[in-house]
Amino acid sequence: MNQKQSGHLAERVSGILASFGGSSDVKTRYLKLPGGHFFACLLYIENIVDTMAIQEHIIEPLLQKPMTEEDEPFFPFIIQEVLQISDIEVFEDMDKVIDKLVNGSTIILFDGESDVLSADTAKWEERSLSNPKGQRTVQGPDIGFTESRSGNVALIRKYIKNPMLQAHTETYGKITNTSVTLVYLENLVDTEILSSIKEKLNEMPYDSVIGSNYITEYLTKESKSLFPLILNSDRPDVAAAEILEGRVCIVVDGTPFVLIAPAVLIQFFQSPDDYYLNSEATKYVRPLRFIFFWLSLYIPGLYVAFTTFHKGLLPVNLLVGFTAQQQSVPFPTVFETLLVLTLTDAIYEGSSRLPQNLVITISLFGAIVFGQASVEAQLVQPVTLVIISISFIFSSIIPIASLNYSVRIIKISLILIGALLGLYGIALFTLMLLVHLCYLRSFSVPYLAPVSPYSRRDMKKDVFIRKPIPEINQTVPVFHKEEQMEDQSKKENDS
């Protein structure tokens, strides 16, 4: 309802309370003021406001300070000489009154005045700073984001003390009214990418935005890809570093993980330890991550393909060992491999979500029952356990957990294709996977950049091998965005 409030105090208060359906946590406090304006009413929602601040900086000054004369402007007097709150706003729109209340402000109504005064007294229940859970490091800061949007923005500002750092907040979700802040460096950000993100967010039709993944799925809904096109992190230093690279950080209220866009594949193999440890000691760690990533994908599928279709390509001693083990197991190799892989993922999911005191129990139980007991019962081959274990360990080296979910699905696909078509099927799947990766775009930035399209400047900086910090710290970020097709540019010019 977008109407001006009436001048009668009781009617205006009743209208606001009716908007909340008589909710018991919406509190009112009537005051008899000294001077010309005799009555006022305070409205606020308990448990999300600082009641001590309301008492000391609003109620007491109103009761102690005599009101102004009739010929003197009333609201400037109240704001400048009476109230002791820093963030005060005057308006008369009923919808704005409701919005301010649910965001922790205290509403002050004065008898005989149509305007409304709002004072920011929000005090949300928040947990203290804790260690980051998503990206742990051996050396470096050990502070992670929390569920507080304003606190997370403050942590980023702690790293980038620069007036060019911009933070713009909007609310999304017709019901939840969730605050979302875009943080970026005005002199480094790509304006086209920033405009694209803002435009998509403004078109978001959601009724509720509970976490950052709501925004991730909407911004990347057109891709239909298994690979994450937006990076998420719970580390302020990682977010600050990405902002310094010209990217946009999306901070969502209520979640400790911020979103970073655009994202390319190489970012998911970068760890904060790469930059906190000496470059000479860690320069070859990232290439190992790439190797382990591809090995974790292909080892199970190649194992199934060789033991099913291409036994003649195996060494004789290895073939004899595989054959002897297969004869004692009742299941085909593909079913056995999928069974062990599924049980391994089940143990991983359980240990990730169960209470900490049960993780060790579940891990030991899984290792004994699904390891030693299944081999002794001749349900699975020992070599299958070894293959799946190696694949699982290699995939756990990926620094960003969101890429691991893509690895699982691709791994299962390779096992099934290897069982149906052998090495030829795996080769065809690899070709299709490379084509898909080359096709992917994250806000018009190629997903395989700077490898494809090739950028000699970026390849020398910080891709497969981490270069010394003096070589990567003094470059202006440039995104290699998708080039327009010739016919597309002609259409835009004609229009």
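- In this structure, T176 contributes its side chain and V209 its backbone to a donor-acceptor pair below 3.5 Å.
- Of the inter-residue distances, the one linking E113 atom CD with E92 atom CD reads 11.0 Å to the nearest 0.5 angstrom.
- More than 12 heavy-atom neighbours from other residues, nucleotides or ligands sit within 6.0 angstrom of OH on Y276.
- Judged by distance alone, the side chain of R286 and the main-chain N or O of F464 form no donor-acceptor pair under 3.5 Å.
- Donor-acceptor pairing under 3.5 Å is lacking for the side chains of T146 and R127.
- No more than 12 heavy-atom neighbours from other residues, nucleotides or ligands sit within 6.0 angstrom of OH on Y284.
- Heavy-atom contacts from other residues, nucleotides or ligands closer than 6.0 Å to NZ of K123 number 12 or fewer.
- The residues D345 and K411 are annotated as not salt-bridged, no charged nitrogen and carboxylate oxygen being separated by less than 4.0 angstrom.
- Residues satisfying the salt bridge (charged side-chain N to carboxylate O under 4.0 Å, His left out) test with D237, not counting sequence neighbours, are R235.
- Residues satisfying the side chain to side chain donor-acceptor pair (under 3.5 Å) criterion with R408, sequence neighbours excluded, are E349.
- Checked by atom type, the side-chain pair S23/D25 shows a donor-acceptor distance below 3.5 Å.
- Nearest heavy-atom pair across G144 and L129 is O-CD2, 3.9 Å.
- At most 12 non-hydrogen atoms from other residues, nucleotides or ligands lie less than 6.0 angstrom from CD of E125.
- The closest donor-acceptor contact from the side chain of R289 to the backbone of Q270 lies at 3.5 Å or more, if one exists at all.
- A donor-acceptor pair is defined here as one N or O able to donate and one able to accept, closer than 3.5 Å; no such pair exists between the side chain of E242 and the backbone of A239.
- With rounding to the nearest 0.5 Å, the separation of OG in S196 from CG in L201 is 9.5 Å.
- One finds the CD1 atom of I230 at 10.5 Å from the CD atom of E217 (value rounded to the nearest 0.5 Å).
- Atom CG in D87 sits 7.5 Å away from atom OG in S118 (nearest 0.5 Å).
- A parallel orientation is assigned to the rings of Y184 and H168, their planes being inclined by less than 30° (bins at 30° and 60°).
- Expressed to the nearest 0.5 Å, how far CG of L259 lies from CG of L229 amounts to 12.5 Å.
- When all heavy atoms are compared, the tightest approach of S296 to F394 is CB-CB, 3.7 Å.
- Looking at T121, its side chain does come within 3.5 Å of a backbone N or O of G104 through a donor-acceptor pair.
- Residue K158 places its NZ atom among 12 or fewer non-hydrogen atoms of other residues, nucleotides or ligands, all under 6.0 Å distant.
- I98 and S19 make their closest contact through CD1-CB, 3.7 Å (heavy atoms, listed as atom of the first residue, atom of the second, distance).
- Atom CD of E170 has 12 or fewer heavy atoms from other residues, nucleotides or ligands within 6.0 Å.
- Between F269 and F293, the two ring planes are perpendicular [angle over 60°; tilted spans 30° to 60°].
- In this pair, H436 and F227 present their aromatic rings tilted. The plane angle is within the 30 to 60° band.
- A donor-acceptor distance shorter than 3.5 angstrom exists from the side chain of R441 to the backbone of C438, with no hydrogens or angles considered.
- Taking the six-membered ring for Trp and the full ring otherwise, Y172 and Y206 have centroids separated by 6.0 Å or more.
- For S195 (side chain) and E192 (main-chain N/O), no donor-acceptor pair under 3.5 Å exists by modelled atom type.
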